[in-house]
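For reference, the structure is listed below as structure tokens.
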Amino acid sequence: MAMSEGHWVKGIADEIIGRGDEKIVVHTGKTPSGPIHIGAEREQFICSAIQKELTRRGLESTFNFIIDSYDPIKSIPVGVKVPIGFEENIGKPLSDVPDPLGCHESYAVHYADEFVQCQSRLGLSPNVIYSHVLYQQKEMKDAIRTVLARLDELRIIRKRFIQEEGENSADDWNPVMVVCDNCGKIASKKKEVAPNRVTSWDLRKDEVSYLCTSCGYQGTGSISGTRLKLSWRVDWAAKWAVFKVTCEPAGKDHCVKDGAYDMGLEVCSKIFGYRGPLRVSYEWLTLGDRAMKTHKGITFTPTEWLRIAPPEPLRYLILSADLMRHVSFLPERIPDLVDNFDRLERIYYGSEPPSGNESIKYMRDLYEICTVTNHSSQPGRIPYRFCVYMVQLEGLFTSGGIISKSADYLSKLIGRPATEEEREDMRARLTNAKNWVESYAPPNLKFQISTEAPSYKPKSDEERAFIGAVIKLLEKDLKEDDLQNEIFNVARSLGLEIGEAFSLIYRILLGSERGPRLAPLLMALDRDWLLDRLRSVI
RNA sequence: GGGCCUGUAGCUCAGUACGGAAGAGCGGUGGGCUCUUAACCCAUUGGCCAAGGGUUCAAAUCCCUUCAGGCCCGCCA
């Protein structure tokens, strides 16, 4: 069966190179209308993967991340707590809305910054550009002048892409929006969002006039001095032209035939004289089977991901999927994802063979675009599943004990002492796992030393005798290894199945069939409590 | 209404560009110990490839139809 040759990012890189642009500029953007969810990372990772692939081929590129902070706030997302009267802000540019939490200069910066703070940890290093700043610059002012000068052409283009409702669509459409000098709004929202648009203009005087849809104020001012913005499809095209964008990925909603991307490309070439970027279309992430929607409060943020898992598996989750496939994510599956990434890493370094139908070439490509830090050799990783289990014993071992026991295990796994870096990675995973267990672990992966009396009772005299013998062993103050061995001996001498015997103790202590290596567990427990517990069942 | 995408094992998905014996991981099940990190290792189970039709020596793969889910055609990636 034909195996696909390498990763999809290679094809994109080929196309980019084929364009022969003087400079390669990769773009992405996001409106900070609320908490920015993890789905937005798909676009970031695509750009990052492209950049890595280009770098591997010896090509430089620029990666810009535009924050659409100049867009109006249209509603307050479910789940965002705001002070009383905050609705007054609806219609203002996001960059002018106060931060409801009070820690940043604006609503826009608060949510954008929360997202941006995760970027470097996820292996992303875009240039962050806020559109409310960008729009004060000459290039965007010039783009606005171009739009006004060529508005007739623009209206014709728009007509082809947008079917107006109703027949009275006298073409007075103007994509230049204005922030009202009087009330500070760029749009009003009654039933629908209505932007403030320029009503008349004079390019010789470099002047625009507008009527505020919100407060009714009639204003006039210079193009350079008035706060202006282009509406969506024209805004996109203008930025492509200003930055000479080579490639911009976009959600499939925008990439649909005659959608925003198609119109943007046409506006870009016909009005701004730039051919526009290479389009890369991608599907959305879903949270289980639900689409993530900021406004409905269905979100899972990158910040939350990093609280419960390392960064690479997120890149792996997203970049391993074909662009046009849904990526279905559930926090419950974090352990699988982390372990799958570890496996990919082992295959990359050749310490584990790929399975029959996996392409080693593909897997190597994939691994390289998933890495966040460079390693000269295979890093020793502590299995996430082990962490999930270990952190639940914190009550017994204390957090210091957990770390030293985990470090021992890690060294044993890799056959050498762990480096400081590896130990740091291990500690981070333990913290992640602890958070995950608290917030997302399904009940069957949770256990604890129950304070209630065990429901399990010995079923035979042999079992009773075994427990009695274990109690005697514990009273002897044996060393860990000796205790472990003696338990075996006792079980065997009583004619019990070894597995059954151990299981018996686990059931009494943990209420589960299995557990951690027994002797260390017994020695870590409070002696009196342990003896009482064991005596209580005989 | 018009358009795009998806449907493969209980779950998550490879495999579809270019037709050549239905695959992996997880789960499930069964085993495993002279001394167990049993949350490990080994084995094993499991699928009318959404349904129907067509082309072909040969179809998960190409063509047509239908069904189900998601999305776009209004500033949610």
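Order of the sequence lines fixes the chain letters, A, B, ..., with proteins taken first and strands second; residue numbering starts at 1 for each chain.
In terms of the ring pair (Phe, Tyr, Trp, His ring centres under 6.0 Å) criterion, residue partners of Phe386(A) (sequence neighbours excluded) are, by chain and number, Tyr409(A). The side chain to side chain contact (heavy atoms under 4.5 Å, CB included) check on Thr431(A) picks up Asn435(A), with sequence neighbours excluded.
Across the P atoms, rG25(B) and rG70(B) are found 32 Å apart, a figure rounded to whole Å. Separation of the P atoms belonging to rC73(B) and rA59(B) is 41 Å when rounded to the nearest angstrom. rA50(B) and rC11(B) have their P atoms separated by 14 Å, given to the nearest Å. If you take atom C1' in rU16(B) and the same atom in rG23(B), they sit 14 Å apart, rounded to whole Å. If you take atom C1' in rG20(B) and the same atom in rG2(B), they sit 39 Å apart, rounded to whole Å. rC42(B) and rG7(B) are spaced 32 Å apart, taking the P atom of each and rounding to whole Å. Nucleotides rU65(B) and rG1(B), compared at atom P, are 15 Å apart to the nearest Å. Look at the C1' atom in both rU45(B) and rG27(B): the space between them is 11 Å, to the nearest Å.
Pairing for rA58(B) is absent, judged as Watson-Crick or G-U wobble with the two contacts each under 3.5 Å. The partner of rG10(B) is rC26(B), by the rule that a Watson-Crick or G-U pair needs both atom distances under 3.5 Å. rU16(B) is unpaired under the criterion used here, namely a Watson-Crick or G-U wobble arrangement in which both key atom distances are under 3.5 Å. Base pairing analysis places rC40(B) opposite rG32(B); the two distances defining the Watson-Crick or G-U wobble pair are each below 3.5 Å.
With rounding to whole Å, Leu319(A) atom CG is found 16 Å from rC13(B) atom C1'. Here the P atom of nucleotide rC73(B) and the NE2 atom of His254(A) are 8 Å apart, to the nearest Å. Per the geometry, CG belonging to Leu410(A) stands 16 Å off C1' belonging to rC40(B), to the nearest Å. Going from atom CZ of Arg429(A) over to atom C1' of rA39(B) covers 15 Å, rounded to whole Å. If you measure from atom CZ of Phe341(A) to atom P of rC26(B), you get 17 Å, rounded to the nearest angstrom. Protein atom CZ of Arg233(A) is 13 Å distant from nucleotide atom P of rC72(B), rounded to whole Å. When rounded to the nearest whole Å, the span between NZ of Lys10(A) and P of rA17(B) equals 21 Å. Put simply, CG on Leu344(A) is 13 Å from C1' on rG25(B), counting in whole angstrom units.
rC48(B) takes the syn form, because its glycosidic angle lies no more than 90° either side of 0. Taking 90° from 0 as the syn/anti boundary, the base of rA17(B) is oriented syn.
Base engagement by His37(A) is indicated by at least one non-hydrogen atom pair under 4.0 Å involving a base atom. Within 4.0 Å (heavy atoms only), Met177(A) reaches at least one base atom of the nucleic acid. Within the 4.0 angstrom heavy-atom criterion, base atoms lie near Asp71(A).
The 5' end of RNA chain B is approached more closely, in terms of each residue's nearest nucleotide, by Ala321(A) than by the other of Ala321(A) and Thr31(A). Nearer the 5' end of RNA chain B, as judged by each residue's closest nucleotide, is the contact made by Ser320(A), out of Glu43(A) and Ser320(A).
Here the nucleotide nearest the side chain of Glu283(A), chosen from rA39(B), rG70(B), rC75(B), is rG70(B). Among the nucleotides rC5(B), rC75(B), rU12(B), the one closest to the side chain of Arg333(A) is rU12(B). Residue Asp336(A) has its side chain nearest to rC26(B) when only rC26(B), rG70(B), rC75(B) are considered.
Of the charged side-chain nitrogens involved, none lies within less than 4.0 Å of a carboxylate oxygen, so that Lys185(A) and Asp96(A) do not count as a salt-bridged pair.
Side-chain atoms of Glu304(A) and Tyr440(A) include a donor-acceptor pair closer than 3.5 Å. Between the side chains of His37(A) and Thr301(A), no donor N or O sits under 3.5 Å from an acceptor N or O.
Here the rule is side-chain contact (heavy atoms from CB on, under 4.5 Å) with Tyr70(A), and of Val179(A), Leu94(A), Thr31(A) only Val179(A) fits it. Checking Tyr282(A), Trp236(A), Trp284(A), Tyr261(A) one by one against His254(A), the ring-ring contact (aromatic ring centres under 6.0 Å, His included) holds for a single residue, Trp236(A).
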